[in-house]
Amino acid sequence: MPELPEVETYVRDLTPLLHNRTVTGVTVFWPRIIALPTVDEFIQAMIGQRFTSFGRRGKYMLLGLASGDTLIVHLRMTGRVTVYAQPVVADKHTHVVLDLADGGQIHYQDSRKFGRLWLVANTTTVLHKLGEEPFAAAFDVDYFAAKVAGRTSPIKALLLDQAVVAGVGNIYADESLFRAGIHPTRASNSLTREELTRLHSAIQSVLGQAIDRHGSSLGHSSIQNYTRPGGEAGEFQGEHKVFQRTGKPCMHCGQPIERIVVTQRSTHFCSTCQR
DNA sequence: ATAAGGCCCTGACCGC
DNA sequence: TGCGGTCAGGGCCTTA
């Protein structure tokens, strides 16, 4: 599942592959993938566009175009973007193909069809509800404490709320809570200032380390498993302390890692180390 | 205002 | 070998 570190890796890998390349044709096989504007408008507006800048906000990729518009891509669960040097036959999971002026192609593939593309003049149209970026100066302990204040839902649910902090998903929520020593079902407003400080720090350090290791590649299927745009696996799965380690010994205390469901999401933790 | 549940999708997995 | 049923999961929407 692409979360912040995986999306950041994607953007960094795509930058040299797409910089200054121009779109000359667009084919949409599954119209629902195009969130904005209409499919016909998307096709017309993308033709002739040149990629000029590359960024990320939360789990959204921001591909800036010479016109000033931005192509926003959210991979959700199973989205992939692959850049080919020559035209390639679209497979059953390819939903959008962009032809490039030099004969190359960009394929958007997504077995679950949850991902979306937007073409917008102003990115706030799509991003306005997001909370702070985890590495922004504005994401300090005071901001975090203010967002948590008065919230009774489990702290795990707050970490997954993109309006609190942008980019944390199921993997990095569990890993952050373990590193901070906090039980995932704790009521958010029961955390002390010291615990919030530990959790804030854990979020930044886990995400930073995961970016350095190009994200986490998990699962068994080549379709479901996240890989970088060039097909390489990430390396951070080897650093996971709890995520998908149910029944295995805690690396800190040796007790088996437990799995529960918190707000409809599988949650992994050590009941000895996390209180 | 927050919180909880449904929805979109389909590959993987399980039991028979 | 095949079939039906269940599950996972991000973010948005609806309902309480």
Indicate whether OP1 or OP2 belonging to [N] is found under 4.0 Å from a side-chain N or O atom of [X].
X: A/His74; N: C/dG10; value: no
X: A/Lys92; N: B/dG11; value: yes
X: A/Arg112; N: C/dG9; value: no
X: A/Lys59; N: C/dG10; value: no

(request) Indicate, with yes or no, if the rings of A/His200 and A/Phe139 have centres closer together than 6.0 Å. (result) yes
(request) Would you check if the distance from the ring center of A/His95 to the ring center of A/Phe29 is below 6.0 Å? (result)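 Centroid distance A/His95-A/Phe29: not below 6.0 Å, so no.
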(message) Does the plane of the ring in A/Tyr60 sit parallel, tilted or perpendicular to the ring in A/Trp118? Use 30° and 60° as the thresholds.
(response)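 If you compare the ring of A/Tyr60 with that of A/Trp118, the planes turn out tilted.
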(request) Could you tell me how the ring of A/His107 sits relative to the ring of A/Tyr84: parallel (under 30°), tilted (30 to 60°) or perpendicular (over 60°)? (result)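 Because their plane-to-plane angle is over 60°, the rings of A/His107 and A/Tyr84 count as perpendicular.
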(message) Closer than 4.0 angstrom, basic N to acidic O: yes or no for A/Asp174 and A/Lys156?
(response)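 Answer for the salt bridge query: yes.
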(request) Please determine if A/Glu6 and A/Lys59 form a salt bridge, counting it only when a charged side-chain N lies under 4.0 Å from a carboxylate O. (result)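 Not counted as a salt bridge, because no side-chain N and carboxylate O are separated by less than 4.0 Å.
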Rounded to whole Å, please give me the gap between [atom1] in [X] and [atom2] in [N].
X: A/Lys113; N: B/dC7; atom1: NZ; atom2: P; answer: 19 Å
X: A/Arg32; N: B/dC8; atom1: CZ; atom2: P; answer: 7 Å
X: A/Met1; N: B/dA12; atom1: CE; atom2: C1'; answer: 14 Å
X: A/His95; N: B/dC8; atom1: NE2; atom2: P; answer: 16 Å
X: A/Trp30; N: B/dT10; atom1: CH2; atom2: C1'; answer: 11 Å
X: A/Asp110; N: C/dG11; atom1: CG; atom2: C1'; answer: 13 Å
X: A/Tyr108; N: B/dC9; atom1: OH; atom2: C1'; answer: 12 Å
X: A/His268; N: C/dG9; atom1: NE2; atom2: C1'; answer: 12 Å

(message) Is it the case that the side chains of A/Asp40 and A/Thr38 hold a donor-acceptor pair, with the cut-off being a distance below 3.5 Å and no angle test?
(response) no
(message) Any donor-acceptor pair under 3.5 Å linking the side-chain atoms of A/Tyr108 with those of A/Asp110?
(response) yes
(message) Of the options C/dA8, C/dG10, B/dG11, whose atoms approach the side-chain atoms of A/His93 most closely?
(response)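 For the A/His93 side chain, the nearest candidate turns out to be B/dG11.
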(message) As a test of reading the structure: which of C/dG9, C/dA8, B/dG11 is closest to the side chain of A/Asn170, going by heavy atoms?
(response) C/dG9
(request) Ignoring hydrogens and angles, answer whether the base of C/dG11 and the side-chain atoms of A/Arg116 contain a donor-acceptor pair closer than 3.5 Å. (result) no
(request) Remember a base hit wins even if backbone is also touched, and classify A/Thr263 as base, sugar-phosphate or nothing at under 4.0 Å, heavy atoms. (result) nothing
All N/O pairs under 3.5 Å across the protein-nucleotides 12-16 of chain C interface:
| residue | atom | partner | partner atom | Å |
| --- | --- | --- | --- | --- |
| C/dC12 | OP1 | A/Tyr60 | OH | 2.9 |

(request) Please examine the side chains of A/Asp140 and A/Phe144, heavy atoms only from C-beta on, and report whether any two atoms are closer than 4.5 Å. (result)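 They are not in side-chain contact.
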(request) Take A/Phe114 and A/Gln264, find for each the nucleotide of DNA chain B with the closest heavy atom, and name the residue whose nucleotide sits nearer the 5' end. (result) A/Gln264
(message) So if I take residues 143-165 of chain A and measure heavy-atom distances to DNA chain C, which residues fall below 4.0 Å?
(response)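 Correct list: A/Gln162.
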(request) Could you work out the complete set of other residues in the hydrophobic cluster of A/Ile260, with links drawn between I, L, V, M, F, W and Y side chains under 4.5 Å apart? (result)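 Joined to A/Ile260, directly or through intermediates: A/Val262, A/Phe269.
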